[in-house]
There are 2 protein chains.
Amino acid sequence: MKKLPRISESEWLVMRVLWSNGALTANEVVKELTGQTKWKPKTVKTLITRLMQKGAVRFKKEGRKYRYYAAVSEVECVGAQRRSFVRRVYGGTMKPMLTAFLEDAELSAEDISELKRILEQKGKE
Amino acid sequence: MKKLPRISESEWLVMRVLWSNGALTANEVVKELTGQTKWKPKTVKTLITRLMQKGAVRFKKEGRKYRYYAAVSEVECVGAQRRSFVRRVYGGTMKPMLTAFLEDAELSAEDISELKRILEQKGKE
DNA sequence: GACATCGGATTACAAATGTAATACTTTATA
DNA sequence: TATAAAGTATTACATTTGTAATCCGATGTC
């Protein structure tokens, strides 16, 4: 239930790397981001530092170098972003937004049936 | 197909007012926002000015005062935000995001059946 | 006509963000 | 042991954003 820090656009890329890979050294983060961005290593380091200041990332020493890991929950951060997005763009009303999302999405047949299952589940509550 | 300007969090509130109300004077915008925000009128004016500089808003003179109106398409801006959101938060994969949205949403029975209809439609393509 | 007022134009200023470069420290290397 | 390399810490600097305040010109008011 801790307060979630505000994570900027660029910082999100770093967080996603840390969430999916666990504790990484700075260089490993840089390597993961190669291809996704054209950032210099120093830029990545800056982002990590800022995320630490915000409390979103912590590190443990491993010998003389650090391993960084996410200190906030991915599920919570993603949920917060989702809600903030809906509020900002749709003024909080979910339906039109979901319609747009669904129409826009590229979905496999399995995806579609799973989503339908979720909807049916909701219908029963 | 023009390039969409980048609209900040606060600016979104102004844009939504203009999209839903057409051409308004600055004071009318201020009035619409009362209750939603605690901004001083001058703050709203600044936001409008910035949106004009970005090309998102234009105005026409009406006597000695101006009427402001959105110069970019709501559908396009919303779509761009939606895509940017999915890319940032989910790395571009729609399914997990949709799952979360659907589970999170408060939906009426009618909403649910309409969404199911959309999904069925997609299944047929 | 002098003055308060309403609206728009210009200016303000700190915090956050994007994007690094430079400095300092410890360690491996010649 | 002086030096280069690897890592971390500190500093940099232009833009964007949030949040206004001040200035200026047209207008209405006494």
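Quick note on labels: first sequence line is chain A, next is B, and so on, each numbered from 1.
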Pull out every protein N or O sitting under 3.5 Å from an N or O of nucleotides 9-15 of chain D, one pair per line with the distance.
from, atom 1, to, atom 2, distance (Å)
D:dA9, OP1, A:Y66, OH, 3.1

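In this entry the distance linking CG of B:L51 with C1' of D:dT17 reads 12 Å, nearest Å. Between B:L33 atom CG and D:dG18 atom C1' the separation is 14 Å, expressed in whole Å. The nearest whole Å value for the distance from the NZ atom in A:K61 to the C1' atom in D:dG7 is 12 Å.
Residues A:I7 and A:C77 come closest through the heavy atom pair CD1-SG, 4.0 Å. The nearest pair of heavy atoms linking B:K60 to B:Y69 is N-CE2, 4.1 Å. For the residue pair B:L4 and B:A80, the shortest heavy atom distance occurs at CD1-CB, 3.8 Å.
Counting heavy atoms from C-beta on, the side chains of A:V86 and A:R83 never come closer than 4.5 Å. A:M97 has its side chain out of reach of A:V89: every pair of non-hydrogen atoms, C-beta onward, lies at least 4.5 Å apart. Two residues are said to be in side-chain contact when any heavy atoms from C-beta on lie closer than 4.5 Å; A:M94 and B:E106 fail this criterion. Between A:Q53 and A:P5 there is no side-chain heavy-atom pair separated by less than 4.5 Å.
For DNA chain C, the outermost nucleotides in 5' to 3' order that have an atom under 4.0 Å from a heavy atom of chain B are C:dG7 to C:dA12.
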Can you give the donor-acceptor pairs under 3.5 Å from side chains of residues 43-50 of chain B to other protein atoms, not counting sequence neighbours?
from, atom 1, to, atom 2, distance (Å)
B:K45, NZ, B:Y68, OH, 2.9
B:T46, OG1, B:K42, O, 3.0
B:T49, OG1, B:K45, O, 2.9

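The ring-ring contact (aromatic ring centres under 6.0 Å, His included) pairs that include a residue from residues 16-46 of chain B are B:W12-B:W19, where partners are two or more places apart or lie in different chains.
Scored by the side chain to side chain donor-acceptor pair (under 3.5 Å) test, B:E114 finds A:K95 as partners (sequence neighbours excluded). For A:R82, the side chain to side chain donor-acceptor pair (under 3.5 Å) criterion is met by B:Y90, B:D104, not counting sequence neighbours. With sequence neighbours excluded, the residues forming a side chain to side chain donor-acceptor pair (under 3.5 Å) with A:R67 are A:E28, A:E62, listed by chain and number. With sequence neighbours excluded, the residues satisfying side chain to side chain donor-acceptor pair (under 3.5 Å) with B:K54 are B:E11. Not counting sequence neighbours, the partners of A:K116 by the salt bridge (charged side-chain N to carboxylate O under 4.0 Å, His left out) test are B:E120.
Listed for the B:K122 side chain is a donor-acceptor partner under 3.5 Å among the backbone atoms of A:A105.
Annotation: the terminal axes of the helix from C:dG1-D:dC30 to C:dA30-D:dT1 meet at 30°, where each axis is the rotation carrying the C1' atoms of four end pairs onto the next four (5 pairs per end, rounded to 10°).
If you check residues 6-21 of chain B against DNA chain C, you find no residue with a heavy atom closer than 4.0 Å. Within residues 22-29 of chain A, the residues having any heavy atom under 4.0 Å from DNA chain D are, by residue number, A:A26, A:N27.
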